[in-house]
Amino acid sequence: RLLFTDLDGSLLDHRSYDWSPAAGRLAQLRDDGVPVIPVTSKTRSELLALRQDLNLTESPFVAENGAVVGLPAAWCHARLERTPGPDGLVIRTLGVDIGFIRQRLAVWRARLGAHFTPMGEMGLDDLVAVTGLAEGEARLARMREGSEPLIWEDSEARLDAFREGLAGDGLHLVRGGRFWHVTGESDKGKAVTWLTERYTALRGVHPQTLALGDGPNDIAMLEAVDRAVVIRGCHGLEVAPRQSRLYRSRATGPAGWAEGVDHWWGRGERR
Ligand code: 2M8
Ligand code: MG
């Protein structure tokens, strides 16, 4: 079995970033040898810190909405990857470089006269105020490699024009929690499929997969697995994946996460 999970608003509380209501389930999955794989908008730098706190250092991770994948040695393929770096990880990039994204954002801002604030242009204090992250965490969130979060401050009509302009450059707009995220062709679903295929190639068996998420940027991931959980959100965003094996949690955040894991994999059942 493999478990893929969004972090903000799913395993972590939307506001406090606390995960204690899910801690028991996390420990149980660890005892059962089920890899819990974070699939998030967060950066590699944020993940390096968080995976220690969450005790997930043996699992791979997907950062920046599918643009960056971190592989521990056990997930590396001798013929495909170099040896891991000093943090024990090989980093694969499935998206485009942040420099290209920022260049194109500048072009479309000028051409459309659009108003938006990319995270890279936000002062640290503003970022702390908007996200509720601690200052050190906000610094890590700004270390983008393959996706740029932004706050949209313009009309819906201009957002459509912006989306079309970006599409011509091979870039995509996807909604997270507080931010819109600009990415390349990568998304959470492609990264999850890539990791599932890697697991199958290395182990010789196809795993049963479960994914949990709360935002529109999770839809591709929820459609790429065998069983899915939509965590009840606090954004009022409609999340409707095309997935027949879908459970919607009653609780929000980490309590909804534990409820969703129990629904599909509770008490030794494999429904
Ligand atoms: C951003 O991501 C969230 C997740 O969906 C959002 O869009 O609201 C990212 O910048 C991430 O790096 C950061 O940790 C998070 C903090 O809330 O915001
Ligand atoms: Mg989320």
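Whatever order the structure lists ligands and atoms in, that order sets their numbers, starting from 1.
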Let me check something: do Val225 and Trp264 share a hydrophobic cluster, defined by ILVMFWY side-chain heavy atoms less than 4.5 Å apart, either directly or through other members? no
If every non-hydrogen atom of Leu246 is compared with every non-hydrogen atom of Gln243, which pair is closest and at what distance? CB-O, 3.6 Å
Need the atom name: nearest N/O/S atom of Asp6 to the Mg ion (ligand 2). OD2
With a sphere of 6.0 Å drawn around CD of Glu58, does it hold more than 12 non-hydrogen atoms of other residues, nucleotides or ligands? no
With a heavy-atom distance limit of 4.0 Å, tell me whether Trp180 approaches ligand 1 through its side chain, its backbone, both, or neither. neither
Between Thr117 and Arg109, what is the shortest heavy-atom contact and its length? CA-NH2, 4.5 Å
Please work out, at 4.0 Å between heavy atoms, whether the side chain, the backbone, both, or neither of Leu133 comes within that distance of ligand 1. side chain
Between Phe116 and Trp180, is the gap from one ring center to the other below 6.0 Å? no
Look only at interatomic distance and state if Gly176 has a nitrogen or oxygen under 3.5 Å from any nitrogen or oxygen of ligand 1. no
Would Ala141 count as being in polar contact with ligand 1, using the rule that some N or O on each side must be under 3.5 angstrom apart? no
of all protein heavy atoms, closest to atom 6 (C) of ligand 1 is Gly177 N, 3.2 Å
Under a 4.0 Å heavy-atom limit, does Glu137 contact ligand 1 with its side chain, its backbone, both, or neither? neither
Show the numbers, then the answer: is there a salt bridge (Lys or Arg N to Asp or Glu O under 4.0 Å) between Asp226 and Arg245? CA-CA 7 Å; Asp226 302 324; Arg245 286 180 166 164; 5.9 Å; no
Heavy-atom nearest neighbour in the protein, as seen from atom 12 (O) of ligand 1, with distance rounded to 0.1 Å: Glu46 OE1, 2.6 Å
How far apart are the closest heavy atoms of Leu140 and Ala49, and which atoms are they? CD1-CB, 4.3 Å
If I apply the N/O under 3.5 Å rule, does Asn217 come out as touching ligand 1? no
Ignoring hydrogens, what is the shortest heavy-atom contact between Thr43 and Ala141? Give both atom names and the distance. CG2-O, 3.5 Å
Short list, please: which atoms of ligand 1 are under 4.0 Å from a heavy atom of Met119? 10 (O)
Output yes when the distance from some N or O of ligand 1 to some N or O of Arg144 is under 3.5 Å, and no in every other case. yes
Students should be able to answer this: which protein heavy-atom is nearest to atom 15 (C) of ligand 1, and at what distance? Asp8 OD2, 3.3 Å
Quick one: closest heavy-atom pair of Ala251 and Glu259, and the distance? N-OE1, 3.0 Å
Among protein heavy atoms, which lies nearest atom 16 (C) of ligand 1, and at what distance? Tyr17 OH, 3.5 Å
Least distance between heavy atoms, Val128 atom then Ala138 atom: CG2-CB, 3.9 Å
Identify, by name, the N, O or S atom of Asp8 lying closest to the Mg ion (ligand 2). O
Cation-pi between Arg227 and Tyr247: NZ/CZ under 6.0 Å from ring centre and within 45° of the ring axis? no
Residue-ligand contact Arg175/ligand 1, heavy atom below 4.0 Å: no
Select one of side chain, backbone, both or neither to describe which atoms of Pro149 lie under 4.0 Å from any atom of ligand 1, heavy atoms only. side chain
Short list, please: which atoms of ligand 1 are under 4.0 Å from a heavy atom of His181? 1 (C), 2 (O), 6 (C), 7 (O), 9 (C)
Near Arg178, which atoms of ligand 1 are under 4.0 Å from a heavy atom of that residue? 6 (C), 7 (O), 8 (O), 17 (O)
Heteroatom of Asp214 nearest to the Mg ion (ligand 2) (N, O or S, atom name): OD1
Strictly by modelled atom types, are Trp108 and Asp169 linked by a side-chain donor-acceptor pair under 3.5 Å? yes
